[in-house]
2 protein chains.
Amino acid sequence: MGTRLHTVPEPKYRHLKTVIGEALDHEFTVGEVLPNERELAARFGVARATLRQALEQLELEGRLQRRRGVGTTVAPPRVGVEVGSSRENWPGAPCDPWQARDAHRAVPPAAVAELLGTGEEPVHVLTRVRLDEALPVATELLYVPAASVPGLSAIDAPGGTARARAVLRELGHLDPEGEDRAVELGSAGAEDARRLDRLPGSPVLLVTTRFLAEGGTAAVSVATYRADTCRLTFGADGAGVEIAPARRAS
Amino acid sequence: MGTRLHTVPEPKYRHLKTVIGEALDHEFTVGEVLPNERELAARFGVARATLRQALEQLELEGRLQRRRGVGTTVAPPRVGVEVGSSRENWPGAPCDPWQARDAHRAVPPAAVAELLGTGEEPVHVLTRVRLDEALPVATELLYVPAASVPGLSAIDAPGGTARARAVLRELGHLDPEGEDRAVELGSAGAEDARRLDRLPGSPVLLVTTRFLAEGGTAAVSVATYRADTCRLTFGADGAGVEIAPARRAS
DNA sequence: GAGTGGTCTAGACCACAGC
DNA sequence: CTGTGGTCTAGACCACTCA
């Protein structure tokens, strides 16, 4: 009685994924370019679409990187980006890892308005970017109700980065009381995709954060992290920098 | 001077995604079944593969649920599962939301062994499942070095759930000193897929947790959450139960 | 057995990067 | 320009669920 007689036949693309995945571990180095898709498909004796199904999953797992017009390369290990507990990512804090790009006033989407407790009232909306080694890893919309930045008159700074800095400066004066966070899977919209240098629809990790101060919600951040290159870390006060990626076994 | 003259033509599947997404918001209710793929493709005048590309992304965003042999239905909003800070998810704690399924001894994968600080030495490996409303939302492998459970002899319980309970009981006696966590995107392996009632390769959120006690790593958990149905929450001590899903705008 | 989504094929053309 | 990955087609068959 052989092991697992007559289990379902494994689909081709899944077998391909295993084979290529093992080849990546043993016969390729980070950054190396793979043969092109037509070549690979021919070599494995499958249609290009089938091969692509395998490559897609490997890319989803952060093991491959594909760029139109360029080719498919072996991806480096995911970079860990600190998202959690350390107080340094309070907006406006000295070590805040985000770069402000713009600021304007607008009525937030309903889901955000509910978290803020504001109604249809416009709030400050900051657009920010987070870089790692000069490459963008995330974009963010930071919603700040006027009530959180009392020292700022609505027409204080004309807009753009100047106002963004002013809002952040005021936020930094608040006394942080903690944060709420939610992480879920999403896909990049057109804007985010452009800023993250990915195609629209690429998988992203959506991090919604509620910043608490003075008994209420001081700001809400909706951040979009590249799921292919990022591993979000939630350190126990800076101790957890060393978590290595856990590779899936089938 | 029309707005955005001559920008790139939007791919069909992305336009489809928008159209169907809007229809989901306005003309369908949660749980309702959509027309089948051949019917939809014909209705929109595209090939089935193109339609499927749109459906795939909507499923990735948690807006659709597809089951072979059954059909495509409108998904309910994602369920928030508490993963973070609250001390109640320490393994073996009274309110631990996980259900033990099995226990055995094995040498952990290299990445886990490194976190544990054990070498090639075998550790306890507990298999657990996390349910929400009787549906599985996550599976877990919990690696516990023998040193963390001194009150347990290696052959104490013969294995299975009995030993799992014994290990957890011992773990619960430790004094928690904090946790490290990392979240990344992955795809379900064959085993996980079966337990989560999904197909292999489905997107999952991989949560690697290091439990700290007595100055070292008491255990390492590698948990696999269904990315389609789950939103991981990291509450500020139970305050953040109310975070609503933030829907992507394009 | 009928109907669903999942897999697969063998083509085609398009958009983009880089020379 | 050439070569890459991205999109798209019109079929086919398979695996699964349920009546």
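These values consider heavy atoms only, across backbone and side chains, with no hydrogens, waters or symmetry-generated copies. In what follows, chains are A, B, ... by sequence order, proteins preceding strands, each numbered from 1.
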Whole-Å distance separating the [atom1] atom of [X] from the [atom2] atom of [N]:
| X | N | atom1 | atom2 | answer |
| --- | --- | --- | --- | --- |
| B:L34 | C:dG5 | CG | C1' | 13 Å |
| B:L199 | D:dT17 | CG | C1' | 13 Å |
| B:D197 | D:dC16 | CG | P | 13 Å |
| A:K12 | D:dA12 | NZ | P | 18 Å |
| A:L16 | C:dT7 | CG | P | 13 Å |
| A:H15 | C:dC8 | NE2 | P | 12 Å |
| A:E10 | C:dT7 | CD | P | 11 Å |
| A:Q65 | D:dT4 | CD | P | 18 Å |

Partner set under side chain to side chain contact (heavy atoms under 4.5 Å, CB included) for [X], not counting sequence neighbours:
| X | value |
| --- | --- |
| B:E56 | B:R52, B:R66 |
| A:A100 | A:R128, A:A164, A:L168 |
| A:V70 | A:R67 |
| A:V33 | A:T73 |

Who are the side chain to side chain donor-acceptor pair (under 3.5 Å) partners of [X], not counting sequence neighbours?
| X | value |
| --- | --- |
| A:R165 | none |
| B:Q99 | none |
| A:S221 | A:E140 |

What's touching nucleotides 1-3 of chain D from the protein side, N or O pairs under 3.5 Å?
residue	atom	partner	partner atom	Å
D:dG3	N2	A:G69	O	3.1

Under 4.0 Å, counting only non-hydrogen atoms across every strand here, what does B:L55 touch: a base, just sugar-phosphate, or nothing?
nothing
Please give me every residue in residues 40-53 of chain B whose heavy atoms get under 4.0 Å of an atom in DNA chain C, ordered by residue number.
B:R48, B:R52
Below 4.0 angstrom from OP1 or OP2 of D:dG5, is there any side-chain N or O of A:T72?
yes
Please give me the minimum heavy-atom distance between B:L205 and A:V183, naming the atom from each residue.
CD1-O, 4.3 Å
Relative to the 5' end of DNA chain C, which residue comes earlier, A:R38 or A:R14, by the nucleotide with the nearest heavy atom?
A:R14
Within 6.0 Å of CG in A:D102, more than 12 heavy atoms from elsewhere
yes
